[in-house]
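The next block holds one structure in the form of structure tokens; read it before the comments.
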Amino acid sequence: MLVNDLLKVIVSVTDTSLAEQFQAAVGNSNGFDIIDALQGQRPDLLIIELGDVPEDDFTRIEELLGEGKVKEIFLCAQNSDPAILMRTMRAGVKEFFPLPLDLNEVQNALTRFKGRVEKTALPAGEKNGRIISVGGSKGGVGTTTVAVNLAVACAESDSKPSVALLDMNTLFGEIPLFLEISPKFHWGEITKNISRLDESFLMNVLTPHASGVHVLPSPAYLNGHHSPTPDIMQRLLDLMRRVFDVVIIDAGQSMSDASLKGLQLSDMVLLISILSLPCLSNTSKLLRSYIDLGYVKRERIKVVLNRYMKKSEISLSDAEAGISQPVFWTIPNDYKASMEAINSGKPLSQLAPRSEIARSFAQMAEKLMPSRETESKKRWSLFRR
Ligand SMILES: Nc1ncnc2c1ncn2[C@@H]1O[C@H](COP(=O)(O)OP(=O)(O)OP(=O)(O)O)[C@@H](O)[C@H]1O
Ligand SMILES: [Mg+2]
């Protein structure tokens, strides 16, 4: 959200006269733009009416707010029992309107909403990118394969976001090999020149790949450069999320303070695991440690099963029971394609575009950054009865 942008509003109530009243209130307030749910844009504010099965609506509201798909939701309802009001508050709804509607109340609420947004807005021209860390629950489970191919798949996804890929594997960073690039600079350049860090310095240090992904590799050999500190990590990621739509971090198995800071600042952490007992046991321990130590909120950490085969000795549900949370995504086992991709320095979408594994990465990227059209159809129309 940038200062000076109009705030987009979707009014999703079935009653025509009620919808018109909301539209009039929005129209009479400065700084708002009503958009159609089917237009394919993500709204800042969604105005809805509580339906016949309130709990279903509250669950959807929590999902939309929890996933950051909309900044705020205004709710109106015939029923304003204390129990409904309590549930409304718990769902994270900031403004509630009993019916019949008081238009002044709606306009006051819109002004309050605008004030809340302006407090957190970025100066014009800046983004608010998503940081996704990819960590391994064991060595060799495919963390770099996932980080690299997910970054490329994101760059190639419908909304064509700008993507950066950052390597936290000190010394053994392999991203340049996976993408056949010869970076001039690496992390050392950032740590050495942290006081000079701004957008143009950053863009000079990053190496672009043909897919559009901009890479910050780790050093190729130990040459006495300073390792990143949590403070440097924070400054770098703060800048990167203003410059890029998506920042993907290959966190490997690094437990350095800077890597932990990276996890803390991530919007999502993908923990890569495979269907083996030692790996699932590590996954479980890591989940608990990250969450208990307060590095990552429970809802932000997702388990991705790599090298997945349906006919495995350990079933998906066994794995889910073992780690006490659902598996977010499975990536099929394809040794040939993944090995050829690494050895030829090509992403899977280029080496084997039609393979199941390349499609899996494309679909995961779409899930992580849904295209505008799919998002509108799936999300906003949920409230159209
Ligand atoms: N889905 C997959 N199916 C089959 N093989 C895979 C898959 N993903 C990765 N591999 C293979 O696993 C090996 C390790 O992959 P990768 O280097 O990505 O793992 P890593 O976890 O980053 O390893 P490290 O701990 O060394 O950093 C590679 O040979 C790769 O080809
Ligand atoms: Mg690796």
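Read the numbers this way: they start at 1 and go in the same order the structure lists the ligands and their atoms. Computed from heavy atoms alone, side chains included, the values below leave out hydrogens, waters and symmetry copies. Nothing here was measured: the structure is a model prediction, and the numbers come from that model.
Counting only N and O atoms by type, the side chains of N169 and S218 include no donor and acceptor under 3.5 Å apart. Looking only at atom types and distance, the side chain of S256 has a donor-acceptor partner in the side chain of S259 under 3.5 Å away. When only modelled atom types and interatomic distance are considered, S315 and D318 share a side-chain donor-acceptor pair under 3.5 Å.
Of the protein's heavy atoms, S338 OG, 3.1 Å lies nearest to atom 31 (O) of ligand 1. Scanning all protein heavy atoms for the shortest distance to atom 18 (O) of ligand 1 gives T145 OG1, 2.5 Å. From the protein, the heavy atom lying nearest to atom 12 (O) of ligand 1 is R307 NH1, 3.9 Å. Atom 20 (P) of ligand 1 has its closest protein heavy atom at T143 N, 3.4 Å. The protein atom (non-hydrogen) at minimum distance from atom 1 (N) of ligand 1 is N306 OD1, 2.8 Å.
Checked by distance only, ligand 1 and T144 come closer than 3.5 Å through their nitrogen or oxygen atoms. Inclusion of V141 in the set of residues having an N or O under 3.5 Å from an N or O of ligand 1 is warranted. Here's the thing with Q253: none of its N/O atoms is less than 3.5 angstrom from an N/O atom of ligand 1. For I331, no nitrogen or oxygen atom sits less than 3.5 Å from a nitrogen or oxygen atom of ligand 1, counting backbone and side chain alike. Polar contact with ligand 1: absent for G139 (N/O pair, distance under 3.5 Å).
Residue-environment remark: CD (Q363) exceeds the threshold of 12 foreign heavy atoms within 6.0 Å.
When non-hydrogen atoms are compared, ligand 1 lies under 4.0 Å from neither the backbone nor the side chain of I272. At a heavy-atom distance under 4.0 Å, no atom of D250 approaches ligand 1. The proximity of D334 to ligand 1, defined as any non-hydrogen pair under 4.0 Å, is limited to the backbone. With a 4.0 Å cut-off on non-hydrogen atoms, P332 touches ligand 1 through its backbone and not its side chain. Neither the backbone nor the side chain of F361 has a heavy atom within less than 4.0 Å of ligand 1.
Screening R307, E356, K310 against N333 for a side-chain hydrogen bond (donor to acceptor under 3.5 Å, both in side chains) leaves a single residue, R307.
Less than 4.0 angstrom separates some heavy atom of G140 from each of these atoms of ligand 1: 14 (C), 19 (O), 20 (P), 21 (O), 23 (O), 24 (P), 25 (O). When each atom of ligand 1 is checked for a heavy atom of I342 under 4.0 Å away, the hits are 28 (C), 30 (C), 31 (O). Atoms of ligand 1 lying under 4.0 Å from at least one heavy atom of M339, given by number and element, are 29 (O), 31 (O).
In plain terms, the two heavy atoms of K160 and E156 that are nearest each other are NZ-O, 3.1 Å.
Using cut-offs of 30° and 60° on the angle between ring planes, the pair F113 and F32 is parallel.
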Task: Verdict with supporting geometry, D238 and R235, salt bridge (charged side-chain N to carboxylate O under 4.0 Å, His left out) - done: CA-CA 5 Å; D238 283 350; R235 287 169 71 171; over 6 Å; no
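The nearest N, O or S atom of N169 is not closer to the Mg ion (ligand 2) than 2.8 Å.
When V146, N333, N169 are checked for heavy-atom proximity to atom 4 (C) of ligand 1, N333 turns out nearest.
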